[in-house]
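Source: prediction; values computed, not measured. Residue numbers begin at 1 in each chain, while the letters A, B, ... track the order of the sequences.
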Number of protein chains: 2
Amino acid sequence: MGIKERKEREKSRRRDQILDAAIELTGQQGFERTTMDEIAEKAELSKGTLYLYYKDKSSLYQAIKKRALQSLHQDFLTVLQQDKPGAMLVKEMISSFLDMIQKNVTFTKAIMLYRGSESSDSDQQSSIAEKCLNIENDVNMLMVKAIQIGVQDGSITTKLDPKLLALQIGFQMRGLLQFYILDNKNMGVKIFKEQKLTLGELMDQFLNIHLSHVEKP
Amino acid sequence: MGIKERKEREKSRRRDQILDAAIELTGQQGFERTTMDEIAEKAELSKGTLYLYYKDKSSLYQAIKKRALQSLHQDFLTVLQQDKPGAMLVKEMISSFLDMIQKNVTFTKAIMLYRGSESSDSDQQSSIAEKCLNIENDVNMLMVKAIQIGVQDGSITTKLDPKLLALQIGFQMRGLLQFYILDNKNMGVKIFKEQKLTLGELMDQFLNIHLSHVEKP
DNA sequence: CCCATTTACTGACCGGTAGTCATTTACTGT
DNA sequence: ACAGTAAATGACTACCGGTCAGTAAATGGG
């Protein structure tokens with residue numbers, strides 16, 4: 001009997017339904033300004049039901065982050081499956097990343113999220129936050145993989161351990177992301193304008209330096 | 001008559017008094033978990049008074065950020081006043097930064113703050129957030145200055161415009177900061193352990209690559 | 001088809017917190 | 001001493017995250 005399975009599907013559909021509503025509202029008005037009541041209404045459910053599917057508001061936000069990270073992970077995976085030089089793969093990964101943050105503000109903000117819940121429940125195991133961490137590590141691993149390929153095929157020359165290089169690229173991505181989120185009032189944007197530079201070109205410069213680094217003569 | 005001045009002093013003392021209380025409590029229990037009532041009690045004032053000095057809770061948090069940025073600005077200024085090669089100045093700035101985030105968690109978290117208030121008041125002009133932005137730009141300018149010195153004295157070789165290089169170093173700093181704040185559960189920390197590396201050494205590697213970059217032969 | 005049991009859902013309610021404002025208190029100049 | 005002003009207060013409101021007793025729907029056995 002497939003009832004169990006159907007129930008399971010319906011349950012997961014509800015979860016998505018809630019998440020979709022949350023993402024849409026969050027995108028319009030930001031996370032803090034979005035209330036659980038609003039999300040419930042949008043999802044055509046009562047507030048109580050939301051709490052059957054997500055432990056609390058923070059969990060719901062984490063779920064958005066998780067979805068964003070999964071999307072990124074998928075993009076990276078697609079890039080990695082191509083048969084191209086490693087350096088190219090790394091650059092395309094960065095491009096995917098830039099695409100995402102430019103197209104999807106909600107995801108971008110969600111990724112920046114600092115885990116608010118202070119692990120009060122010690123017995124609580126594989127929470128959504130946990131899964132986010134895992135995906136984040138997976139994403140990082142894909143970057144490492146691309147670098148390793150590049151080192152092997154000679155398209156990348158670096159003194160650094162691939163893991164460390166990936167870490168540094170990750171730092172740069174995070175920094176860039178934060179920059180992008182902040183109001184376009186600050187000096188950075190002015191620099192971009194006066195130098196007629198795009199984020200993509202900036203990251204390209206960054207990668208050129210790091211991926212083809214050679215010893216000082 | 002010095003009464004005006006004294007009043008002014010007292011007013012500014014009150015502001016500091018509130019800010020001090022907020023910083024201390026925030027350091028202990030985090031910003032979200034700290035209530036205005038608690039801050040008021042700590043500052044030995046009533047809650048209403050808090051709102052005479054800070055528009056809302058978000059403003060108060062911005063004020064913490066402002067103080068953190070001012071502290072950083074001061075550090076950078078001190079570094080810059082030394083008579084040393086530019087490359088050294090840059091490295092010492094980064095050191096100051098690392099010192100700060102390792103010694104003062106509250107400041108660190110505050111700097112990461114994304115402006116929550118959605119500029120609902122259009123007439124509101126030089127808000128604290130505005131000032132933060134200015135200081136941030138000033139800090140960035142000091143970095144640019146150090147790089148320019150380095151380019152002049154030959155201790156820094158780069159194809160990049162000093163402003164762009166400063167921007168990239170700023171990205172890296174932000175990325176590092178975010179990394180530092182997040183739980184030490186993730187892969188990054190593992191990498192640090194297995195490579196027996198400190199944050200300082202990592203940043204040093206980064207700077208070595210960027211400050212002494214030469215063309216591919 | 002009926003009824004008992006489980007499962008899913010609801011929305012009134014609660015506790016707590018950010019922010020307000022009429023009132024009180026302290027201070028100042030005359 | 002007193003009027004006028006500035007500063008401080010804390011009871012109060014509005015709102016929101018989270019709960020839970022109660023309701024409805026689905027299921028499955030007889």
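Within 4.0 Å of B:T34, counting heavy atoms only, lie sugar-phosphate atoms of the nucleic acid but no base atom.
Per the geometry, CG belonging to B:L52 stands 13 Å off P belonging to D:dG10, to the nearest Å. The interatomic distance linking A:Y61 (OH) with D:dG17 (C1') rounds to 17 Å, in whole Å. At whole-Å resolution of the value, CD in A:E32 and C1' in D:dC16 are 12 Å apart. At whole-Å resolution of the value, CG in B:L45 and P in C:dT25 are 17 Å apart. Distance, A:D37 CG to D:dA14 C1': 14 Å, rounded to whole Å. Note: CE (B:M36) to P (D:dT9) measures 14 Å, nearest angstrom. Rounding to whole angstrom units, CZ of residue B:F31 and P of C:dA18 are separated by 8 Å. Separating the CD1 atom of A:I39 from the P atom of D:dG17 is a distance of 8 Å, rounded to the nearest angstrom.
Between the side chain of A:T34 and the backbone N or O of A:G30 there is at least one donor-acceptor pair closer than 3.5 Å. Distance alone, capped at 3.5 Å, places no donor-acceptor pair between the A:Q102 side chain and the A:D99 backbone.
Residue side chain A:K47 reaches the base of D:dG17 through a donor-acceptor N/O pair under 3.5 Å, judged by distance alone.
Across D:dG18, D:dC16, D:dT9, the shortest atom-to-atom separation from the side chain of A:T35 is found for D:dC16.
The residue among A:K57 and B:T49 whose nearest nucleotide of DNA chain D lies closer to the 5′ end is B:T49. Toward the 5′ end of DNA chain D lies the nearest nucleotide of B:E44, the other residue of the pair B:E44 and A:Y51 mapping further downstream.
A donor atom on one side chain and an acceptor atom on the other are found under 3.5 Å apart for B:S59 and B:D56. Checking B:N104 against B:K109 by side-chain atom types alone, no donor-acceptor pair falls below 3.5 Å. Side-chain atoms of B:R14 and B:Q17 include a donor-acceptor pair closer than 3.5 Å.
Relative to the six-membered ring of A:Y54, A:R15 meets both conditions, a distance below 6.0 Å and an angle of at most 45° to the axis. Judged by the 6.0 Å distance and 45° axis criteria, A:K57 is positioned over the aromatic ring of A:F31.
Within residues 6-15 of chain A, the residues that have a heavy atom under 4.0 Å from DNA chain D are, in order of number, A:R6, A:K7.
The phosphate of D:dG18 has neither OP1 nor OP2 within less than 4.0 Å of any side-chain N or O from A:Y54.
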